[in-house]
Amino acid sequence: MSGVGIVAAMRVEARCITSRRLPFNQRIRLGENASIWLCGMGEEAARGAAEGLRAGGATALMSFGFAGALHADLHPGDLILPESIRFGRSFEVDLSWRDRLRQHLPGYLRIGGGVLAASRTVVTSTAAKGELAHTEEACAVDMESGAVAEVAARADLPFLAIRAISDPAGFSPPPALLDAVRQDGSADLSRLLPLLLRRSLTVATLLRLAKDSRAACSTLSTVVRYAGAEMGISRNRPGSAQGYAVDQGRQA
């Protein structure tokens, strides 16, 4: 693929593609055939990033990052390559692109397909996950893929979602944690420490979240390493951004 615009909500997700610290809310070129936009979490942020990438010349759009499992048989580190995104209506991915990318991946990855649900809020309970699984007939959920798919459909561009499970169906980020997370997904220690002192959040929960996130990151990094060419990323530079160029146009 050429001209791939990659939307990543959180820094931890973007680091699976490039080791450099990306500027926030700005299009960054990854060589000649891809650009990435670190946008922050949520539907509106992702829509702005997708529109910015499209305006910057992207000829295909990709949603890349974590997802929450809605089925008990999905585990942290499992890879989801959905056939469609449920966001009010169904948006299909480019199946030929999906199949080409999958052919490059090693056999040891656990890869699933199906429907990826788009949620406008962070899903923080097992009950809410169960309801999404039932109403949307989805296997996993995130907050950005729906908006990116919508922009791609409106512009008649190929679209693909690459999502690694970061939290299983029976465990979700606790609501209290949301108050200690910056827009780019990084922890705000000045807010996190009081939560720990008040025991609104436990160290055990943080350790589990960190472990599950590492599993998801390992999977996403593997996708980049083996299938970077299908993402528009040079094969000789997976996982790094040596020589990347900064586009000076920022999102309005």
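Excluded from the calculations below are hydrogen atoms, water molecules and symmetry mates; all remaining heavy atoms, backbone and side chain alike, are included.
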Give, for atom CG of Leu70 and atom OG1 of Thr126, the distance between the pair rounded to the nearest 0.5 Å. 11.0 Å
Salt-bridge contact Glu43-Arg47 (side-chain N to carboxylate O under 4.0 Å): yes
To the closest 0.5 Å, what do you measure between CG (Leu38) and CD1 (Ile17)? 10.5 Å
Could you tell me whether the side chain of Thr222 and the main chain of Ser218 form a donor-acceptor pair under 3.5 Å? yes
To the nearest 0.5 Å, atom NE2 of His75 lies from atom CG of Asp212 at 11.5 Å
If we only count heavy atoms from C-beta on, is the Ser172 to Ser125 side-chain gap below 4.5 Å? no
Any side-chain heavy atom of Leu81 sitting closer than 4.5 Å to one from Ile162? yes
Closest non-hydrogen atom pair between Ala128 and Val123, with its separation: CB-CG1, 3.7 Å
Pairs involving residues 80-89, ordered by first then second residue, that meet side chain to side chain donor-acceptor pair (under 3.5 Å) (sequence neighbours left out): Glu83-Arg98, Arg86-Ser90, Arg86-Glu136
Got Leu209 and Leu177 here, is their nearest side-chain heavy-atom distance under 4.5 Å? yes
Please determine whether residues Val115 and Val141 belong to a single hydrophobic cluster, defined as Ile, Leu, Val, Met, Phe, Trp and Tyr linked transitively by side-chain heavy-atom distances below 4.5 Å. no
Verdict with reasoning, Ile85 to Val148, per side chain to side chain contact (heavy atoms under 4.5 Å, CB included): CA-CA 10 Å; Ile85 314 297; Val148 181; over 6 Å; no
Step by step, would you call Arg27 with Ser35 a side chain to side chain donor-acceptor pair (under 3.5 Å)? CA-CA 6 Å; Arg27 184 171 74 97; Ser35 297; 3.2 Å; yes
Please identify each residue that fulfils side chain to side chain donor-acceptor pair (under 3.5 Å) with Asp78, with sequence neighbours left out. Arg110
I'd like to check Trp37 versus Ile28 (side-chain heavy atoms, cut-off strictly below 4.5 Å). Are they in contact? no
Verdict with reasoning, Ile6 to Leu53, per side chain to side chain contact (heavy atoms under 4.5 Å, CB included): CA-CA 8 Å; Ile6 304 170; Leu53 289 164; 5.7 Å; no
Can you hop from Met10 to Val223 via hydrophobic side chains spaced under 4.5 Å? yes
Between Ala180 and Leu195, which heavy-atom pair has the shortest distance, and what is it? CB-CD1, 3.8 Å
Ser145 and Phe87: CA distance, side-chain angles, deciding distance, side chain to side chain contact (heavy atoms under 4.5 Å, CB included) verdict: CA-CA 9 Å; Ser145 293; Phe87 186 54; over 6 Å; no
So how far is it from Glu230 CD to Trp97 CH2, rounded to the nearest 0.5 Å? 8.5 Å
Is there side-chain contact between Pro76 and Arg208, with at least one heavy-atom pair below 4.5 Å? no
Ser186 side-chain N/O to Arg182 backbone N/O, donor-acceptor pair under 3.5 Å: no
Does the side chain of Leu160 come within less than 4.5 Å of Asp94's, by heavy atoms? no
Compare every heavy atom of Ala147 with every heavy atom of Ala46, then report the nearest pair and how far apart it is. CB-CB, 4.2 Å
Does Val203 belong to the same Ile/Leu/Val/Met/Phe/Trp/Tyr cluster as Phe171, with side-chain heavy atoms less than 4.5 Å apart forming each link? yes
About how many Å separate OG of Ser221 and CZ of Arg214, when rounded to the nearest 0.5 Å? 13.0 Å
Hey, mind stepping through Leu206 and Leu192 against side chain to side chain contact (heavy atoms under 4.5 Å, CB included) and telling me if it holds? CA-CA 10 Å; Leu206 291 180; Leu192 182 61; 4.2 Å; yes
Once you round to the nearest 0.5 Å, how far does CG of Leu105 lie from CD1 of Ile111? 4.5 Å
Same apolar cluster (I L V M F W Y, side chains within < 4.5 Å links), Met62/Leu30: yes
Within a strict 4.5 Å, meaning less than it, do heavy atoms of the Leu132 and Lys129 side chains meet? no
Between Arg163 (side chain) and Phe66 (backbone), is there a donor-acceptor pair under 3.5 Å? yes
Which pair of non-hydrogen atoms, one from Val7 and one from Cys39, has the smallest distance, and what is that distance? CG1-SG, 3.8 Å
Between His71 (side chain only) and Ala138 (backbone N and O only), is there a donor and an acceptor less than 3.5 Å apart? yes
Ala34 to Gly232 - nearest heavy-atom pair and separation: CB-O, 3.5 Å
Hydrophobic clustering (ILVMFWY, side-chain heavy atoms < 4.5 Å, transitive) - are Ile165 and Phe64 grouped together? no
